[in-house]
Structure formats: C-alpha cells, structure tokens
Amino acid sequence: MLVLITYDVNTEDGAGKKRLRQIAKKCVDYGQRVQNSVFECSLDAAQCRRLQAQLLKIMDGEKDSLRFYYLGNNYEKKVEHFGAKSAHLPNDTLMV
C-alpha cells in the first residue's frame with residue numbers, strides 16, 4: 001500500500017535538528033522524498049508498523065508532529081502531480 005508520511009519537527013535547538021535528520025534518514029530507507037518533509041512509501045502492513053514504531057521513538061511528542069496517510073493499493077488514481085520534480089511511482093522499475 002502507498003503511505004504518505006509527513007512530519008514537522010521543532011528545530012529550535014540542536015536536539016530538534018538531530019531528530020529532523022534522523023526522521024528524514026529513516027524515511028529515505030523506506031520510500032522517496034517528494035517534498036522537504038513529505039515521503040511516499042510503498043509498504044506492507046508489517047513494514048508500516050515497524051517504520052511507525054521507529055519514527056515514534058525518534059520524535060518528541062511534546063514538540064514534533066508525525067502524520068501517516070494510507071492511500072492503499074490503488075493509489076495511482078488518487079495521486080496527481082503538477083509542476084517540477086516529477087517522481088516515479090513507488091512500484092515502477094528504477095534504473096540507477
């Protein structure tokens with residue numbers, strides 16, 4: 001299923017900047033960045049729970065915000081993109 005993950009981390013101090021980097025790095029392991037604090041991740045249920053648990057350990061619940069949007073398996077009909085930085089679909093073949 002396609003999961004859209006967004007986050008807002010309070011970076012007023014060094015600890016917040018570290019949390020921001022850690023959250024972004026963890027999300028890159030599971031999906032692609034589509035905007036600064038927005039990732040598209042193609043996950044099964046177990047991967048989603050694992051990633052969510054990892055991110056919750058990193059974030060500060062008093063200062064930060066984390067949101068998961070579950071778009072399901074038929075996401076191609078639910079996502080439209082306009083403008084620069086077009087991205088590949090998560091299940092497409094990516095040649096490097």
Side-chain angles (χ1 to χ4, degrees):
M1 79 180 130
L2 183 68
V3 180
L4 188 70
I5 301 171
T6 68
Y7 55 88
D8 187 23
V9 176
N10 182 316
T11 57
E12 292 177 353
D13 59 17
K17 292 174 184 173
K18 181 178 179 182
R19 289 192 311 275
L20 178 66
R21 286 190 304 274
Q22 289 175 330
I23 288 174
K25 185 177 179 188
K26 191 58 65 179
C27 288
V28 166
D29 290 344
Y30 286 86
Q32 69 174 336
R33 183 187 297 257
V34 293
Q35 292 188 2
N36 286 338
S37 295
V38 181
F39 283 82
E40 289 178 349
C41 302
S42 181
L43 308 169
D44 61 32
Q47 290 172 317
C48 189
R49 284 190 303 274
R50 184 171 42 254
L51 176 57
Q52 192 174 59
Q54 292 170 345
L55 296 177
L56 289 172
K57 282 183 182 179
I58 297 168
M59 72 173 282
D60 180 337
E62 299 292 319
K63 298 179 182 178
D64 306 333
S65 167
L66 179 64
R67 297 176 71 102
F68 282 66
Y69 296 89
Y70 304 99
L71 300 179
N73 291 323
N74 296 318
Y75 58 86
E76 293 95 350
K77 298 173 186 168
K78 298 176 184 176
V79 177
E80 290 183 303
H81 177 267
F82 304 95
K85 290 188 175 182
S86 65
H88 70 280
L89 293 173
N91 292 328
D92 281 352
T93 302
L94 180 63
M95 296 182 71
V96 180

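Computed from a prediction, not measured in an experiment: that's the story for all the values here.
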For residues 7-17, please give each side-chain donor-acceptor pair under 3.5 Å, one per line with the distance, not counting sequence neighbours.
from, atom 1, to, atom 2, distance (Å)
Asn10, OD1, Glu12, N, 2.9
Asp13, OD1, Ala15, N, 3.4
Asp13, OD1, Gly16, N, 2.8

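Side chains of Ile23 and Ile5 form no contact here, defined as non-hydrogen atoms less than 4.5 Å apart. With a 4.5 Å cut-off on side-chain heavy atoms, Gln22 and Lys25 do not count as touching.
Each salt bridge (Lys or Arg N to Asp or Glu O under 4.0 Å) pair with one or both residues in residues 48-60, not counting sequence neighbours, would appear here, but there are none.
With sequence neighbours excluded, the residues that form a side chain to side chain contact (heavy atoms under 4.5 Å, CB included) with Gln52 are Leu56, Phe68, Tyr70. Partners of Asp44 according to the side chain to side chain contact (heavy atoms under 4.5 Å, CB included) rule, which considers only residues two or more places apart in sequence or in another chain, are Ala46, Gln47. Looking at residues two or more places apart in sequence or on another chain, you find a side-chain hydrogen bond (donor to acceptor under 3.5 Å, both in side chains) between Arg67 and Tyr69. The side chain to side chain contact (heavy atoms under 4.5 Å, CB included) search around Val28 returns Phe39, not counting sequence neighbours.
Nearest heavy atom pair, residue Ser42 against residue Leu2, reads N-CD1, 4.4 Å. Nearest heavy atoms, Leu43 versus Cys48: CD1-CA, 3.8 Å. Cys27 approaches Cys41 most closely through the heavy-atom pair O-SG, 4.3 Å.
Looking at Arg33, its side chain does come within 3.5 Å of a backbone N or O of Asn36 through a donor-acceptor pair.
Taking CD1 of Ile58 as the start and NZ of Lys26 as the end, the distance is 6.0 Å to the nearest 0.5 Å.
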